[in-house]
Asks: 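First, the structure itself, so that you have it in front of you.
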2 protein chains.
Amino acid sequence: MLELPTRRRAIENVASGLFRERGYAATSIRDIARALDVQGSSLYAHVTSKEDVLWTIVERSAEAFEQAAARSLAGLPASAGAAESIAAFVRAHVAVIASDPELANVFVHEWRHLTGERRRAILARRDAYEARLRDIVGRGMTDGELLPTDPAIAATFILTALNGLATWYRADGRLPPDRIADHYVGFAVRALTEDHR
Amino acid sequence: MLELPTRRRAIENVASGLFRERGYAATSIRDIARALDVQGSSLYAHVTSKEDVLWTIVERSAEAFEQAAARSLAGLPASAGAAESIAAFVRAHVAVIASDPELANVFVHEWRHLTGERRRAILARRDAYEARLRDIVGRGMTDGELLPTDPAIAATFILTALNGLATWYRADGRLPPDRIADHYVGFAVRALTEDHR
DNA sequence: GGCATCCAACCTAACGTTCGTTAGGCGCGC
DNA sequence: GCGCGCCTAACGAACGTTAGGTTGGATGCC
């Protein structure tokens, strides 16, 4: 189960860092190689193409988001309401980003440089992930626990705010991930619930 | 005052469309030219470099956001509270994006491909724009009108959610811009205000 | 009207560079 | 001695950009 650090993995790590910093299209194979103190052509002993590197990173990140959300929501008591579910979802999402912001950023932004079937597949997974939050929100609204607004717009509002983290989060930032998650949970839940003033 | 449609402007329009769709680095001069049914080299009669096109687009978009925010906030009564100010800011931001999502998206995402002084300058303007919202939020919190959370985190949460619009907004979408703005204003204001349940 | 002039807009051709990628070989540790 | 990790060299294609020439319609003047 434990993943040992192969050369391939090292390539993916520096690649995701550069992809986050400059974007996939503006990062060349030789840029990645230079960061590893190696010639560009040497990378092809470990990867089959540049897009293949992107694909692997996107896959790993998608897996991380999906599993974190699934685990987090499965751990909820059966009696959990929409607010609790949203809180769990937000916390899981923030934790995934904070644990590897470079990886997460590629899932959030750089997936669109995939082509053909891979692009189609990752788009479907992104949709399914978003649908997870949208369904929680939709159910909360029909139950009357959440303000009756538009579930799709509401879910997108929250998810795009969460994804912003993948851009600006820095491990050496002012607030630790848990504090950020606390705030974000508060914003997300209050955004969708009535205030009785 | 009226801007007549020059050739240069036509180039910027198709360029911002392609930049939004594929990103600046993945869009070649020849791509832009092809969309205008022209040879790549022909563009250089109208622009001095590819980055120059990006720069002009970013500038125009920055102007649009700044002016919309300034106008919108200046139009508020002196008695306006933080909630009203946030509502005005959100509405202005949404309107700018909806009126030209391609242009807005370049300001939101593609500015980082600028280099040197231009990059520095646009970063400062982005910071100033964000500070505008952060100040409103900060004042609202010290006044007690808003929940005392972290003003920087709160402003970033809202602004990144707003900027998400620049990615997903489509003119032929399900909801008109005003309806989207209504929802977004609600989410943003409730996120920062107490609910007394 | 006829003619020279102008100018914006476009063309073809080519430049030097960088791109992703392939081929074939070399050295070092198990 | 086998194989992993790297090398040099090179490929064709695409990149941003420059140079110099052609077009066609408007303008000014006789």
Side-chain angles (χ1 to χ4, degrees), chain A residues 2-59 106 109-119 122, chain B residues 2-59 106 110-119:
Chain A
L2 181 77
E3 196 97 28
L4 55 156
T6 63
R7 199 67 178 126
R8 163 84 192 214
R9 191 55 163 265
I11 293 172
E12 291 169 16
N13 286 345
V14 321
S16 57
L18 289 172
F19 290 168
R20 187 191 191 204
E21 203 176 276
R22 322 180 185 174
Y24 172 80
T27 303
S28 76
I29 285 285
R30 287 169 176 88
D31 288 336
I32 300 170
R34 190 173 307 119
L36 291 161
D37 254 317
V38 140
Q39 295 296 317
S41 56
S42 301
L43 297 188
Y44 284 86
H46 309 281
V47 308
T48 73
S49 73
K50 186 188 173 189
E51 181 171 338
D52 186 59
V53 176
L54 175 61
W55 169 243
T56 310
I57 296 173
V58 169
E59 273 269 298
V106 173
H109 288 304
E110 306 300 330
W111 62 270
R112 64 206 184 104
H113 293 106
L114 291 169
T115 60
E117 177 56 30
R118 289 172 160 182
R119 187 191 164 109
I122 206 63
Chain B
L2 181 76
E3 195 99 24
L4 55 156
T6 63
R7 201 67 177 124
R8 163 85 194 214
R9 192 54 164 264
I11 293 172
E12 290 169 17
N13 286 345
V14 322
S16 57
L18 290 171
F19 291 168
R20 187 191 191 205
E21 204 176 279
R22 320 179 186 174
Y24 172 79
T27 303
S28 76
I29 285 285
R30 287 171 176 87
D31 288 336
I32 300 170
R34 191 174 307 119
L36 291 161
D37 254 317
V38 142
Q39 295 296 318
S41 56
S42 301
L43 297 188
Y44 284 86
H46 308 282
V47 308
T48 73
S49 74
K50 186 187 173 190
E51 181 171 337
D52 186 59
V53 176
L54 175 61
W55 170 243
T56 310
I57 296 174
V58 169
E59 272 269 298
V106 174
E110 306 300 330
W111 63 270
R112 65 205 183 105
H113 293 106
L114 291 169
T115 59
E117 178 56 31
R118 289 172 160 182
R119 187 193 165 108

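Lettering of chains follows the sequences in order, A, B, ..., and the numbering in each one begins at 1.
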Asks: When the distance from CG of Leu43(B) to C1' of dG16(D) is rounded to whole Å, what number comes out?
Replies: 11 Å

Asks: Could you please name the option among dC19(C), dC15(D), dG5(D) that lies closest to any side-chain atom of Ser28(A)?
Replies: dC19(C)

Asks: I need the CD-P distance between Gln39(B) and dG21(D), as an integer number of Å.
Replies: 19 Å

Asks: Can you check the Asp37(A) CG to dC6(D) P distance for me, whole Å?
Replies: 10 Å

Asks: Between dC4(D) atom P and Arg9(A) atom CZ, what is the distance in whole Å?
Replies: 19 Å

Asks: Nearest whole angstrom, please: distance from the C1' of dT18(C) to the CZ of Arg30(B).
Replies: 13 Å

Asks: Within the structure, does a side-chain N or O atom of Ser42(A) lie under 4.0 Å from either OP1 or OP2 of dC7(D)?
Replies: yes

Asks: For dA9(C), does either OP1 or OP2 sit under 4.0 Å from a side-chain N or O belonging to His46(B)?
Replies: yes

Asks: Tell me which of Thr48(B) and Ala26(B) sits closer to the 5' end of DNA chain D, going by the nucleotide each one is nearest to.
Replies: Ala26(B)

Asks: Please determine whether a side-chain nitrogen or oxygen atom of Tyr44(A) lies at a distance below 4.0 Å from atom OP1 or OP2 of dT22(C).
Replies: no

Asks: Roughly, in whole Å, what's the span from CZ in Arg7(B) to C1' in dC10(C)?
Replies: 9 Å

Asks: Assess the residue pair Arg7(B) and Leu36(B) against the criterion (side chain to side chain contact (heavy atoms under 4.5 Å, CB included)); give the C-alpha distance rounded to whole Å, side-chain angles, the decisive distance to 0.1 Å, and a yes or no.
Replies: CA-CA 10 Å; Arg7(B) 201 67 177 124; Leu36(B) 291 161; 4.0 Å; yes

Asks: Taking the side chain of Ser41(A) as its heavy atoms from C-beta onward, which of dG16(D), dT21(C), dT8(D) lies nearest to it?
Replies: dT8(D)

Asks: May I ask you to test the Arg22(A)-Asp31(A) pair for a side-chain heavy-atom distance under 4.5 Å?
Replies: yes

Asks: Nearest to the side chain of Ala45(B), heavy atoms from C-beta on, is which of dC6(D), dC10(C), dT17(D)?
Replies: dC10(C)

Asks: Walk me through it: do Tyr24(B) and Glu51(B) pass the test side chain to side chain contact (heavy atoms under 4.5 Å, CB included)?
Replies: CA-CA 9 Å; Tyr24(B) 172 79; Glu51(B) 181 171 337; 3.7 Å; yes

Asks: Separation of Ile29(A) atom CD1 from dG20(C) atom P, in whole Å?
Replies: 6 Å

Asks: Ile32(B) has an atom CD1; how far is it from atom P of dA14(D), in whole Å?
Replies: 17 Å

Asks: I need the minimum non-hydrogen distance between Val58(A) and Trp111(A), along with the two atoms involved.
Replies: CG2-CA, 4.2 Å

Asks: Report the C-alpha distance between Val47(A) and Arg8(A) in whole Å, list the side-chain angles of each, state the deciding distance to 0.1 Å, and finish with yes or no for side chain to side chain contact (heavy atoms under 4.5 Å, CB included).
Replies: CA-CA 7 Å; Val47(A) 308; Arg8(A) 163 84 192 214; 3.7 Å; yes

